[in-house]
Enquirer: 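If you scroll down you'll find the structure; I have some questions about it.
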There are 2 protein chains.
Amino acid sequence: MFEPITIKDIAKALGLSTSTVSRALRGGYEISAETKKLVLEYAEKINYHPNPIALSLKERRSHSIGVVVCEVANNYFSQAINGIESIAYNRGYHVIITQTHESYDREVVNVQHMASRSVDGLLVSLSSETQDLSHLKYLHDKGLPIVFFDRVAAEIETHKVVANNYKGAFDATEHLIQSGIRKIGHLTSSWYLSITIERLEGYKAALAKHNIPFNADYLQHCDHGGMIQDEVENAVKHLINLPDKPEAIFVAGDRLSTGCLIALKKLGVKVPLDIAIAGFTNSDFAELFSPPLTTVRQPAFKIGQIATEMLIQLIESKYPVTEFETKMLDTELFIRESSEFGVPIVQ
Amino acid sequence: MFEPITIKDIAKALGLSTSTVSRALRGGYEISAETKKLVLEYAEKINYHPNPIALSLKERRSHSIGVVVCEVANNYFSQAINGIESIAYNRGYHVIITQTHESYDREVVNVQHMASRSVDGLLVSLSSETQDLSHLKYLHDKGLPIVFFDRVAAEIETHKVVANNYKGAFDATEHLIQSGIRKIGHLTSSWYLSITIERLEGYKAALAKHNIPFNADYLQHCDHGGMIQDEVENAVKHLINLPDKPEAIFVAGDRLSTGCLIALKKLGVKVPLDIAIAGFTNSDFAELFSPPLTTVRQPAFKIGQIATEMLIQLIESKYPVTEFETKMLDTELFIRESSEFGVPIVQ
DNA sequence: GTGAAAGCGCTAACAC
DNA sequence: GTGTTAGCGCTTTCAC
């Protein structure tokens, strides 16, 4: 279909060999200034661009980095992706985004496809289904640079970038407690995800600090991280139908928070009159909600940036890196009306 | 870094030539059933996967399709992308997503990069800055299959998939009129985008039908399609500060709609008490807003699916396609409280 | 039915 | 300073 210009065309036109042209183009010091100029000008004139596929085949690298997230239709991840691109773009890397839709199988396929396409490194946030890490471990052991962000893998030793989930959850829960609420439900994702564990601990710690016993009935897991609205709705129903029903729910995920509000609205439960809500979300619209939603917001853009910087550093390191680091960034608590239990909303 | 298994390894291990192995793997009919079985089983056993880069270099195609959108952090586009992936994945294509952030330069870079990476085709929604189409025209003339969706290019003849923007805008505007409002502002994107033009025409047609003269003061363009909140805020300010200020605003874009609500909230203007709002958006949260937002919703997922089917059909067509089609899908109007001018909101 | 060899676009070791 | 050649992994003539 295309007849792109190759180094051969230049060589032929200028009566040179392909290697001379190649060297001239990449500024090899052995080439005379004259020839160099000739080649460069001609290449410019006919708008020559090297074929990156040929380069990848030769160099076994592609100047691109692969990203694995569950969904781009998620405020946290779309913001993180923007952070990733802002760095990658300036450093000459292209970004390939793939979605797992919270499916382990999809994650494996995506990771393998990107590896076989010679991505230079991977930025990974695990799917909510992922427990077996061998697909990543294998590549990592072979030397493929991987940086985890958000949902990280404990058993793979590499750089990781996360929000301070423990503190974010602690702050939100304590805020609810300080508003006079003692019965606080917790709606969260699959039990084995790093973020789930950390946020649960923060929640428990806040309860403990204020001498509130942890009530296992108040803990609800949605294994699909809010992707399946029915799952969320059932979890919410369970909570509000408890004999000793909670006065607030602390929600531990972006999709879960919005899903929870939609479920409550559908069930006719008024927020925060009947139940108060505070949740993790990076939605820009939390303040537009009815009622405006109390949120824990993560520095998603920054997390994306830092993870990308770390990855590029790994990629470009001349020596195998053995010292790894886990960067933790603070979340921010935005207190809005949704957490004021018992108060009706009037605009 | 990697030492992936190649066809050579199999050949060596089995005492065959690489060409025999290659033929056996792709089921060449000249190969004896015996050899074929031998090769296939061994390949399976050592987990052989052909190197897609080598294939791309040879075949000049990559089994991947490139997507150009302004932003993934946009409900419409993230849903469209899910539609795209749902088809591409099943047909054996991988999807490469790029964002323009509404920048023409970024669009050119992204398109060229994907072309040089031998994407088999392109799914394009133009950036709000794009007026010059030569970067796409060039590739299209060379035979690269391109399908436009959402923001389409009039001057490039190919398949296109769009929502019925005219009717969507007409319906929303007429709904406002039928609610008793005659002074309706219109907040929209750059004047040259296809969606802007179509939605403006729908808006004007509804006014005309009800004998309301078009007032140029009521028309506000945000050239960055809602990406820059200040731009939105200024446009909103302009409208509410008019001596004969509108009683409603019909907003013609996803980011614009939410941006407009945020601006009004910041300016202390109550919706719909002081001003009614109806807008294009694919947000799943429109019903959670305060007040719940009257929206025109596009079948984004379906649009993504159809565009992808059309593109794959172009890619796989044996003969050059000369008959092109523009598919138009209906929007849906969701009437909620935000369009009830003069009514205060009580939850 | 199978193997040898060329070639996709490029780079680099090795001539001269 | 420049040309020749081999090779990245694969497919595909062309021989036999």
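Only this structure's heavy atoms are used, side chains among them; waters, hydrogens and symmetry mates stay out. Owing to the predicted nature of the structure, the values given are computational and were not obtained by experimental measurement.
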Enquirer: Tell me whether the OP1 or OP2 atom of dC8(C) has a side-chain N or O from K8(A) closer than 4.0 Å.
Expert: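 So the side-chain polar atoms of K8(A) do come within 4.0 Å of the phosphate oxygens OP1 or OP2 of dC8(C), strictly under.
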Enquirer: Could you label the plane-to-plane angle of the H140(A) and F324(A) rings as parallel, tilted or perpendicular, counting under 30° as parallel and over 60° as perpendicular?
Expert: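 Tilted: the ring planes of H140(A) and F324(A) meet at 30° to 60°.
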Enquirer: Residues from residues 11-23 of chain A sitting under 4.0 Å of DNA chain C, heavy atoms only?
Expert: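 When residues 11-23 of chain A is checked for heavy atoms under 4.0 Å from DNA chain C, the hits, listed by number, are S19(A), S22(A), R23(A).
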Enquirer: Quick one: are the ring centres of H135(A) and Y104(A) less than 6.0 Å apart?
Expert: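 Yes, the ring of H135(A) comes within the 6.0 Å limit of the ring of Y104(A), centre to centre.
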Enquirer: Can you check the E30(A) CD to dA15(C) P distance for me, whole Å?
Expert: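 Atom-to-atom, E30(A) to dA15(C), this comes out as 16 Å.
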Enquirer: In whole angstrom, what separates L25(A)'s CG from dT2(D)'s P?
Expert: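 Computing the L25(A):CG to dT2(D):P distance gives 13 Å.
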Enquirer: Without decimals, in angstroms, what is the distance between R26(A) CZ and dC10(C) C1'?
Expert: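 So the CZ-C1' distance, R26(A) to dC10(C), works out to 9 Å.
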Enquirer: How long is the line joining CZ of R61(B) and C1' of dT11(D), in whole Å?
Expert: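 For the pair R61(B) CZ and dT11(D) C1', the rounded distance is 15 Å.
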Enquirer: Looking at dG1(D), I'd like to know if its phosphate oxygens (OP1 or OP2) sit under 4.0 Å from a side-chain N or O belonging to T35(A).
Expert: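 Result: no.
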Enquirer: If you only use heavy atoms from C-beta on, which nucleotide in dT11(C), dT2(C), dG9(D) is closest to the side chain of R60(A)?
Expert: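 It is dG9(D).
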Enquirer: Atom CD1 of I7(A) and atom C1' of dA12(C): how far apart are they, to the nearest Å?
Expert: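 To the nearest whole Å, that distance equals 12 Å.
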Enquirer: Tell me, with the steps shown, if S86(A) and Q305(A) meet side-chain hydrogen bond (donor to acceptor under 3.5 Å, both in side chains).
Expert: CA-CA 7 Å; S86(A) 74; Q305(A) 286 192 314; 3.0 Å; yes
Enquirer: What residues from residues 45-55 of chain A pass a heavy-atom cutoff of under 4.0 Å to DNA chain D?
Expert: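 Nothing qualifies; none.
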Enquirer: Any side-chain heavy atom of L55(A) sitting closer than 4.5 Å to one from P50(A)?
Expert: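 A side-chain contact exists here, since the closest heavy-atom pair is under 4.5 Å.
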Enquirer: How long is the straight-line distance from CG of L311(A) back to CG of L123(A), given to the nearest 0.5 Å?
Expert: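 The CG atom of L123(A) sits 5.5 Å away from the CG atom of L311(A).
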Enquirer: Kindly indicate whether a cation-pi arrangement holds for R151(A) with Y192(A), taking the cut-offs as under 6.0 Å to the six-membered ring centre and within 45° of the axis.
Expert: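 No, R151(A) does not lie over the aromatic ring of Y192(A).
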Enquirer: Take the protein atom CD of E59(B) and the nucleotide atom P of dG7(C), then report the distance between them rounded to whole Å.
Expert: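 Whole-Å distance recorded here is 18 Å.
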Enquirer: Can you sort out the partners of H63(B) under side-chain hydrogen bond (donor to acceptor under 3.5 Å, both in side chains), two or more places apart, ordered by chain and number?
Expert: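 Not a single residue meets the side-chain hydrogen bond (donor to acceptor under 3.5 Å, both in side chains) criterion with H63(B).
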Enquirer: Using heavy atoms to find the nearest nucleotide of DNA chain D for L57(B) and I31(A) separately, return the residue whose nucleotide is more 5′.
Expert: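 Nearest nucleotide further toward 5': that of I31(A).
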Enquirer: Roughly how many Å is it from CZ in R117(B) to C1' in dG9(C), rounded to a whole number?
Expert: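 Taking CZ of R117(B) and C1' of dG9(C), I get 13 Å after rounding.
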Enquirer: Could you check which of dG7(D), dC8(C), dA12(C) has an atom nearest any side-chain atom of K58(B)?
Expert: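 Taking heavy atoms from C-beta onward, the closest nucleotide is dC8(C).
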Enquirer: With salt bridge (Lys or Arg N to Asp or Glu O under 4.0 Å) as the criterion, how do E316(A) and R91(A) come out once you've worked through the C-alpha distance, each side chain's angles and the decisive distance to 0.1 Å?
Expert: CA-CA 11 Å; E316(A) 297 184 348; R91(A) 302 282 298 264; 3.3 Å; yes
Enquirer: Is the shortest distance from a Lys or Arg side-chain nitrogen in K36(B) or E41(B) to a carboxylate oxygen in the other one below 4.0 Å?
Expert: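 Looking at K36(B) and E41(B), the cut-off is not met.
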